[in-house]
Structure formats: C-alpha cells, structure tokens
There are 2 protein chains.
Amino acid sequence: MVADVPLPTPADASEAAPGAAAAPAFSPLYRQIKDLITRELQGGVWKPGEAIPSELDLAARFKVSQGTVRKAVDELAADNLLVRRQGKGTFVATHAEQQIQYRFLRLMPDDGGDRAMARRLLDCRRTRAPADVARMLECKSGDAVVQLRRLLLAEAQPVVLDEIWLPGGPFKGLTAERLADYKGPMYGMFEAEFGVRMIRAEERIRAVVADAASAELLAVPPGAPLLSVERQSFTYGDKPVELRRGLYNTTRHFYRNELN
Amino acid sequence: MVADVPLPTPADASEAAPGAAAAPAFSPLYRQIKDLITRELQGGVWKPGEAIPSELDLAARFKVSQGTVRKAVDELAADNLLVRRQGKGTFVATHAEQQIQYRFLRLMPDDGGDRAMARRLLDCRRTRAPADVARMLECKSGDAVVQLRRLLLAEAQPVVLDEIWLPGGPFKGLTAERLADYKGPMYGMFEAEFGVRMIRAEERIRAVVADAASAELLAVPPGAPLLSVERQSFTYGDKPVELRRGLYNTTRHFYRNELN
DNA sequence: AAGTGGTCTAGACCACCTG
DNA sequence: AGGTGGTCTAGACCACTTA
C-alpha cells in the first residue's frame with residue numbers, strides 16, 4: 001500500500017494543449033492515477049456499462065492508498081466518465097442509460113410534457129469533408145466523412161432538423177440501415193458499435209431564419225425564426241469526432257440551460 | 001476534535017422544497033457543516049471577497065476533523081459559493097472579480113475578440129408585477145417591482161437588449177443614477193449595495209423575430225431573427241430574485257454552451 | 001518562520017446491495 | 001456474511017503565500 005516513491009513524480013504532460021497556460025509540469029499522485037484510469041477507459045479495457053475494479057483493487061494495483069484512488073475516481077465521476085453506485089461498484093458511463101438520455105439534448109417542451117422524440121432518418125451518405133467541416137473535425141479537407149440528416153419529432157410534429165458529420169475512419173460501416181434499425185439513442189449506438197464515446201461537447205447557438213428547404217422539412221413558413229445549434233463533440237483526449245448542425249423549432253419547445 | 005455524537009444526526013430538512021423527491025431525512029456530517037456554512041454566508045457573516053476562517057478554525061468550531069470541514073468547503077467551492085486560494089485562505093465568491101466576470105453572459109464574438117461590452121441604461125422605474133413576472137419571482141401579482149431596460153454594445157453596436165425585473169423589497173433604493181454611476185458588473189453592485197448575491201440561474205432560449213421597437217433599439221430590420229434568453233436567477237435557498245428577458249443579435253456573436 | 005490550503009496515508013465504521 | 005462505495009478521523013508532510 002505504500003508507494004516506494006515518497007513524492008509525486010512528474011506527470012505525463014506530453015499532451016498539453018497548445019495555446020493553453022504554461023504546463024503544470026508536476027501533478028499529484030491522484031491525478032496520475034486518474035490519467036492511468038482514463039487511459040484504460042480510452043483503450044476499452046472496460047466497456048461502457050461494465051464495472052471497473054473496486055477501489056481496494058485499484059489501490060493495490062497502483063500501490064497507493066484507497067483514499068488516493070477515491071479522489072481520482074471522484075473526479076472521473078464528476079467528469080461523467082464513471083458512475084458510482086453505493087454497494088455495487090463503479091461503472092463505465094454509457095449513453096445507453098435512461099437517466100443520461102438527455103444529457104446532450106437540452107430541448108424541453110413548453111408544457112413540461114414528455115421529452116421523448118421520434119427519429120426519422122432523411123439521408124446518410126459517405127462523401128468528402130468540405131473545408132469548414134474538416135476544420136471542426138480536425139481532419140483534412142476532402143477526407144472521407146459520413147454525412148447524415150435526420151428529423152426529431154414530438155407528437156408527430158417535426159421539431160429538430162439535424163445535419164451530422166462524422167469522420168469516415170472510426171465510423172466505417174455506418175449505414176442508413178444500421179442507423180434505422182438501432183433502438184435507443186444514437187450516441188449509445190456509436191459507443192456500442194463503433195467504440196466511439198462522446199464525453200463532452202461545445203455548442204454555438206444563434207437565431208436564424210428558415211430557408212425554403214428547412215422550412216418545408218420542419219413544417220414552418222419560410223423565414224420563420226429557428227434556433228441554430230452547432231455542436232462539436234469530443235471523445236477521450238479532446239479529439240473532435242462529430243460535427244452537428246441543428247435547426248430547432250422553438251415554437252413549443254425551448255433550449256434549457258443552467259448557469260452555475 | 002471528536003464529536004460527541006458518534007453518528008450523523010438528522011439534518012435540518014424543514015426547508016425541503018415541495019414537489020421534490022422524498023426528503024433524505026439523514027445527511028452526513030460534512031453536509032450538515034456545509035449547511036451551517038451556507039447559512040452564515042446567507043446571513044452575511046462574511047462579506048463577498050472576504051476570507052472565511054481557516055479549515056482548522058472551522059474544524060475546532062464545529063468540533064469535527066479538518067477532513068470533514070474540507071469536504072464541506074470543497075462542495076461549496078464546486079458550487080461557486082467559495083473560492084479557495086492555496087496559501088492564502090478560502091474566500092467568499094464575488095461577482096466583482098475579473099475572472100468570474102462572464103459566468104452569466106455566454107455571448108461570444110465570432111472573431112474571438114474582446115468580450116467587453118458597454119452598458120446603456122434605457123429606463124428604470126418602479127411598478128407593479130404583472131402576473132407572469134410575479135410567478136417567476138414567486139411573489140404576488142401587483143407586488144412592487146423594479147423594471148429596467150438596458151442595451152449592451154460591442155464596439156458601439158447594440159447586441160443585447162435586456163429587460164430586467166427585480167423584487168421591490170430587496171432592491172429598495174435602486175435608481176437609474178446609482179445604476180449608471182456604478183462601475184463594474186451589475187451583479188457585483190447587487191451584492192455590494194443590496195446584499196443580494198446571485199448564485200445560480202436557469203435560462204430558456206428561443207429564436208424569435210424582432211418587433212418594431214426592439215428592431216430599432218438593436219439596429220436590425222424588423223422581422224430579423226433574434227435569440228430570446230429568459231433568465232430566472234436565484235440567491236441562497238433557491239429563492240428567485242431576478243427575471244431577465246434578453247434579446248440577442250447573433251449576427252456577429254453566438255451563445256456558447258458546454259455540455260458535460 | 002508561520003499560516004494556509006493540498007496531498008497522502010491508515011484504519012475504523014457505516015450504508016447499501018447481493019447471494 | 002461479505003463486498004462495495006461513503007463517511008470520519010488523526011496525523012504527516014508538501015506547496016504556496018506573507019511577513
């Protein structure tokens with residue numbers, strides 16, 4: 001249980017983001033443990049939904065005290081990478097859970113009713129990344145990508161029109177059929193079928209007017225105001241793996257945000 | 001340092017929100033300590049920006065170990081009620097700080113330039129709460145309220161038109177002069193001059209079209225799409241103390257949101 | 001040098017879940 | 001009963017700030 005090294009050793013700081021503040025150069029033990037666990041998660045050692053070893057197991061494995069493991073796991077749970085369940089264990093977070101279903105969809109119905117929405121896939125094709133898409137996916141212009149468009153409907157009325165871009169490599173084999181057949185949330189499919197887990201996203205929200213094509217799909221008059229939600233999603237290591245451009249009809253819904 | 005009571009005692013659950021889930025009935029020691037500290041913050045025992053007693057002081061005062069105080073303070077820091085500074089102490093969070101300046105304004109310029117915006121007060125008057133405002137402020141329709149409107153300008157161009165409603169009681173003495181004279185963020189003034197500290201807010205975002213009056217003030221054509229941001233702000237005890245309706249011109253700015 | 005928060009340890013016991 | 005996470009304690013030492 002006692003570490004041979006009495007002091008925290010230098011952390012692996014080789015992946016420090018360019019443009020960020022000066023590298024910390026040193027990090028406490030619990031943060032090194034956190035990085036080690038993150039790396040195992042990234043490597044798929046434990047699959048989404050599975051339990052990871054108990055704190056005592058991990059403490060023995062890393063030759064640190066349980067308290068140190070605990071602090072590392074606490075932070076990973078705060079980051080939504082792990083889920084703790086008292087008496088049962090600690091589990092790899094998954095998008096396939098009911099509770100976490102709406103972590104990434106902030107749209108709420110005005111009347112506080114059912115949030116469930118039906119999906120309708122419009123098209124799904126493999127193509128080459130335009131310059132702007134390539135920039136957001138951090139790949140090269142012209143690289144293989146999957147482009148898909150879909151509608152989300154609440155009570156049979158279209159509310160969201162999404163255009164989604166995915167890198168071709170990780171999503172090799174993604175077809176309209178597989179998408180249409182899959183039950184459950186799309187991010188759940190991505191992690192289960194392609195091993196790509198979305199852990200964080202940034203959204204840029206604007207008000208725009210509907211063009212003719214979007215208006216027809218969303219069943220609103222051309223020129224109607226729509227919420228434009230551009231989302232860049234990241235997986236482990238802050239690597240962007242999705243670009244999503246959504247148009248939301250906010251007549252009977254609103255985008256809910258919490259400021260802390 | 002040893003508590004006479006070997007087990008966590010029942011927490012004060014008298015303020016459980018109606019409609020919430022079943023009351024927890026018991027809470028760990030560190031959460032009781034957290035509630036005690038919160039109550040002192042709420043009571044203004046320590047002013048925003050001031051240091052609170054050291055962890056060892058608090059531990060002695062509450063007759064618990066430092067670790068227990070530490071966990072309580074950790075949570076309060078995570079909630080942005082306190083700010084820890086290594087080697088210096090723990091301080092009451094304040095809106096008057098440069099770092100925290102933009103915690104509640106999520107608007108970013110497209111070009112990544114300066115976020116600083118100029119304020120222009122349009123009007124400030126005392127009136128009676130309309131029904132919808134009263135509901136959001138959890139007061140009675142017709143109660144005294146302060147209504148004010150203002151513009152935020154980026155590089156001399158109007159970008160945000162805010163209509164703000166405040167309860168008349170806590171904000172007695174708020175005048176256009178005092179608002180115009182005050183340097184620094186408005187929430188900083190609220191906490192310094194009126195003892196009202198905003199700690200949390202919920203926003204409902206929609207796309208709308210500009211009416212004639214708003215269009216003129218924001219220098220956009222009538223019918224232009226605008227972001228409607230309705231904010232309900234809360235102080236200690238989840239008590240709503242502000243209703244704010246903003247119209248954002250998102251031509252050169254966007255609302256930035258992070259999904260975790 | 002003294003005081004603060006930050007890290008780490010070791011051990012005890014509790015609350016919860018499962019067999 | 002045994003395993004898991006959750007709480008609490010006591011003490012050591014480190015890193016940072018100030019005087």
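- In terms of phosphate contacts, B:Lys88 brings no side-chain nitrogen or oxygen within less than 4.0 Å of OP1 or OP2 of D:dC16.
- When the C1' atom of D:dT7 is taken as reference, atom CG of A:Asp74 falls 12 Å away, rounded to whole Å.
- Atom pair B:Gln66:CD and D:dC13:C1' shows a separation of 12 Å (rounding to whole Å applied).
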Assess whether salt bridge (Lys or Arg N to Asp or Glu O under 4.0 Å) is satisfied between B:Arg204 and B:Glu230, documenting all intermediate values. CA-CA 5 Å; B:Arg204 298 179 172 205; B:Glu230 183 172 292; 5.3 Å; no
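- When distances run from any side-chain atom of A:Arg70 to the nucleotides C:dG6, D:dT7, C:dT7, the shortest one goes to D:dT7.
- To the nearest angstrom, C1' of D:dC8 lies 16 Å from CZ of B:Phe62.
- Atom CG of B:Leu56 is separated from atom C1' of D:dC13 by 14 Å (rounded to the nearest Å).
- Of the candidate nucleotides D:dG5, D:dT7, D:dA15, D:dA15 has the atom nearest to the side chain of B:Gln86.
- A salt bridge between A:Arg31 and A:Glu75 is present, with a side-chain N of the basic residue lying under 4.0 Å from a carboxylate O of the acidic one.
- Taking a 6.0 Å sphere around CD of B:Glu155, one finds it holds 12 or fewer heavy atoms contributed by other residues, nucleotides or ligands.
- Distance, B:Lys71 NZ to C:dG5 P: 18 Å, rounded to whole Å.
- Side-chain atoms of B:Pro28 lie closest to D:dT7 of the nucleotides C:dT4, D:dT7, D:dA10.
- When the nearest nucleotides of DNA chain C are assigned to A:Arg31 and B:Pro53 by heavy-atom distance, the more 5′-ward of the two goes with B:Pro53.
- In this structure, B:Arg200 pairs ionically with A:Glu258, as a charged nitrogen and a carboxylate oxygen lie closer than 4.0 Å.
- Spacing between atom CZ of B:Phe91 and atom C1' of D:dT18 amounts to 12 Å, rounded to whole angstrom units.
- Here B:Arg85 does not reach the OP1 or OP2 of C:dG5: none of its side-chain N or O atoms lies under 4.0 Å away.
- Going from atom CG of B:Leu82 over to atom P of C:dG5 covers 11 Å, rounded to whole Å.
- Comparing D:dT7, C:dG6, D:dG5 by their closest approach to the side chain of A:Thr90 singles out D:dG5.
- For the pair A:Ser54 and D:dT4, the criterion of a side-chain N or O lying under 4.0 Å from OP1 or OP2 is met.
- Atom P of nucleotide C:dA2 and atom CG of B:Asp57 are separated by 17 Å, given to the nearest angstrom.
- Nearest nucleotide to the side chain of A:Leu29, out of D:dT9, C:dC8, D:dG6: C:dC8.
- Across the interface with DNA chain C, nearest-nucleotide mapping of A:Gly87 and A:Thr68 shows A:Thr68 to be the residue nearer the 5′ end.
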Could you check B:Asp79 against B:Lys34 for salt bridge (Lys or Arg N to Asp or Glu O under 4.0 Å), going step by step and ending with a plain yes or no? CA-CA 11 Å; B:Asp79 293 346; B:Lys34 181 184 178 186; 3.2 Å; yes
